[in-house]
Amino acid sequence: MKQYRTIAILVVSLSCFAFGQSQPGIPTSSASLSHSNSTEGDPFVVWTREHDVSVSTTELGHEFGDLQPLKDLVGSARVVALGESGHEIHEFLAFRNRLLEFLVRESGFTALAAETGFSEGIQVDDYIQGGSADKAVVAANVFSWSAPKAFEENLQLIEWMRDYNAHVAADRRIRFYGIDLTGGRDSDFIESRLALDASLAYLDRVDVALARQLRSRLEPFLAKFNDISYPSLSIAERSSLTATIAEIVSIFKRRRIDFLQQTTELEYARAYRQAVVAENLDAYFRNSPDVKARGRDYRDTQMVRDAAMADNLRWALDREGPRGRVLLYAHNWHVKKSPAQNEAYPEAFPGKPTTPMGQYLYSFLGDQMRVIGFTFERGVDGLKVEGKWPLAALDPESIDAALARVGLPLFVVDLRSAPKVGPIADWLNRGRKIRMNDRYGELKPLDAFDALVFVKTISAIRDIHSSTKAAK
């Protein structure tokens, strides 16, 4: 969510954009919504009360009786995409962990794909396969945007995955994939050269002379291969960098047979994909608007990222084979399968809304994909999204508020089972506000999601207080 996060930092103090600030007549984020016993005029709430799947807990280590009805929702889908309203929320991450365990044990899911850097995700996968590493570093790489911060929830995730793999046959082990662009650190892509370095390191093993030649061409630009320094490159330098990266991708494609004679297929596939990720990063930097321009439009930049994430997820599916099934975890605004009606950050996207990752995925997966969005009522007192931004006040007309009126602390509702005509269908097919970080965006619920998870109260992630820095 780099563009959204950067824009939020720039405008959070401006009153015209301060959705998260207390306003006269609007409850703060920690104020509970009053639940009326009357349901007259609220058919969606009435229907939801009759069709929700009540969930007993978000936490790992419990039986799955309450989650069994979700098998009908999942069906035979190869991808279940679970979104979150904002990053670094305990309940969202804990439910991700529990849902993964359920899908692995009960429905044969084979992998987790997450909104973290592709290169960083490789270290996570190596660890859960039994490799040696500092677990705090690995946990930080489950969500590279916050590196070097490691969360208890992500540590719990990798420890469960590692333990599961240690007790099953090799062909039943689950895998982890980072699908985001490499090198994201706290709102900027500052360590993106990791993808290029990994590709060159592989080429060092299979063709030393070739690697030396390519490295000499890239060396003048590697230190500036990030979204902070890239603008300082001249047009000629950018063209040279782009051409060299494209040549590396081409080399991997045409010399596959040569390379596979010297390394494992997994090593080749990862290195090749690192080059593709570097190519996508280069496109991302090229499409970023001039920081000095007024009315900057990040639409193309964001779509480069979302398209790349969709492509990386498709690569992960190919790796998993025809029987592979993947739980995908990312922000609601990435996983939704249709564009927003109105963006939460119109100053960043002043024109047409962006095309999200979920829409790209849905275009080729269709019914083989389920998209589940997260909603909530309130945060614990003082909670801020990612520790920075106050939560948006609960808008009584929002999807979040409608689900809060159901009156249950934690549940899932399958929107696909809603009536196709009538007031409930009308409600689901109209533009509705939904929380996104410290804002509200607007979307059509049934177009964007197959189901929604609601949790009454959210709290901050639990930091394991590691001083270990993320792996370079």
Side-chain angles (χ1 to χ4, degrees), residues 19 25-27 29 31-55 66-67 69-75 77 80-85 332-333 335-344 353 356 358-359 362 366-367 369-378 392-436 439-458:
F19 286 81
I26 299 178
S29 60
S32 181
L33 183 71
S34 174
H35 299 292
S36 170
N37 290 327
S38 173
T39 57
E40 184 178 355
D42 211 342
F44 174 71
V45 174
V46 174
W47 176 82
T48 301
R49 285 176 181 165
E50 296 171 350
H51 294 85
D52 70 90
V53 175
S54 184
V55 178
D66 57 329
L67 299 183
L70 299 186
K71 287 183 178 179
D72 290 336
L73 167 63
V74 173
V80 170
L82 177 65
E84 58 181 4
S85 304
N332 277 348
W333 232 244
V335 303
K336 60 188 173 63
K337 57 182 180 177
S338 65
Q341 298 295 105
N342 289 296
E343 293 283 2
Q359 187 174 7
Y362 188 68
D367 195 50
M369 177 182 178
R370 299 286 185 273
V371 180
I372 306 172
F374 238 118
T375 62
F376 68 97
E377 179 181 344
R378 63 190 179 95
L394 187 61
D395 188 314
E397 299 300 316
S398 67
I399 297 171
D400 306 77
L403 294 177
R405 287 192 289 271
V406 173
L408 296 173
L410 178 62
F411 64 87
V412 180
V413 58
D414 185 349
L415 303 181
R416 301 173 312 139
S417 64
K420 305 305 179 187
V421 295
I424 298 167
D426 292 343
W427 195 96
L428 288 170
N429 284 288
R430 287 181 52 196
R432 300 283 175 185
K433 291 181 180 179
I434 188 170
R435 276 188 172 118
M436 177 185 168
R439 302 286 191 89
Y440 278 95
E442 186 176 314
L443 48 75
K444 293 182 180 179
L446 200 56
D447 286 351
F449 303 111
D450 296 302
L452 292 168
V453 184
F454 172 82
V455 59
K456 181 180 178 66
T457 305
I458 61 173

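No donor-acceptor pair under 3.5 Å is formed between the side chain of Tyr440 and the backbone N or O of Ala344. A donor-acceptor pair under 3.5 Å is absent between the side-chain atoms of Asn342 and the main chain of Gly441, judged by distance alone. Between the side chain of Arg49 and the backbone N or O of Arg405 there is at least one donor-acceptor pair closer than 3.5 Å. A donor-acceptor contact shorter than 3.5 Å links the side chain of Arg432 to the backbone of Trp427. Side-chain atoms of Thr375 come within 3.5 Å of backbone N or O of Val453 as a donor-acceptor pair. Under the 3.5 Å distance criterion, the side-chain polar atoms of Ser85 are matched with a main-chain donor or acceptor of Phe374. Side-chain atoms of Lys336 come within 3.5 Å of backbone atoms of Ser338 as a donor-acceptor pair (strictly under, hydrogens ignored).
The minimum heavy-atom distance linking Ala392 with Arg439 is given by the pair CB-O, 3.9 Å. For Pro43 against Pro423, the heavy-atom pair with the smallest separation is CG-CB, 3.8 Å. Shortest non-hydrogen contact noted between Ala402 and Val45 is O-CG2, 3.5 Å. Minimum interatomic distance between Met369 and Tyr362 (heavy atoms only, all atoms of both residues): SD-N, 3.8 Å.
Taking NZ from Lys444 and CZ from Arg430, the interatomic distance works out to 10.5 Å, rounded to the nearest 0.5 Å. Leu443 CG to Met436 CE: the interatomic distance, rounded to the nearest 0.5 Å, is 10.5 Å. Note that CZ of Phe454 is 9.0 Å distant from CG of Leu410, once rounded to the nearest 0.5 Å. For the atom pair CD (Glu397) and NZ (Lys433), the distance works out to 8.0 Å, reported to the nearest 0.5 Å. Rounded to the nearest 0.5 Å, atoms CG (Leu403) and OG (Ser398) are 8.5 Å apart.
Checked against salt bridge (charged side-chain N to carboxylate O under 4.0 Å, His left out), Arg416 has the following partners two or more places apart in sequence or in another chain: Asp414. With sequence neighbours excluded, the residues forming a side-chain contact (heavy atoms from CB on, under 4.5 Å) with Pro419 are Trp47, Ile424, listed by chain and number. Residues meeting the salt bridge (charged side-chain N to carboxylate O under 4.0 Å, His left out) test with Arg370, sequence neighbours left out: Asp367.
Each of Val412, Val455, Leu70 was evaluated against Val55; a single residue qualifies, Val412, per the side chain to side chain contact (heavy atoms under 4.5 Å, CB included) test. Paired with Leu452 under the rule side chain to side chain contact (heavy atoms under 4.5 Å, CB included), one option of Val371, Ile399, Ile372 passes, and it is Ile399.
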**Prompt:** Is there a side chain to side chain contact (heavy atoms under 4.5 Å, CB included) between Leu394 and Glu377 once you walk through the steps?
**Reply:** CA-CA 7 Å; Leu394 187 61; Glu377 179 181 344; 3.8 Å; yes

**Working for side chain to side chain contact (heavy atoms under 4.5 Å, CB included), residues Phe376 and Lys456** = CA-CA 5 Å; Phe376 68 97; Lys456 181 180 178 66; over 6 Å; no

**Request:** Take Val53 and Val413 through the test side chain to side chain contact (heavy atoms under 4.5 Å, CB included) and record every step on the way to the result.
**Result:** CA-CA 6 Å; Val53 175; Val413 58; over 6 Å; no

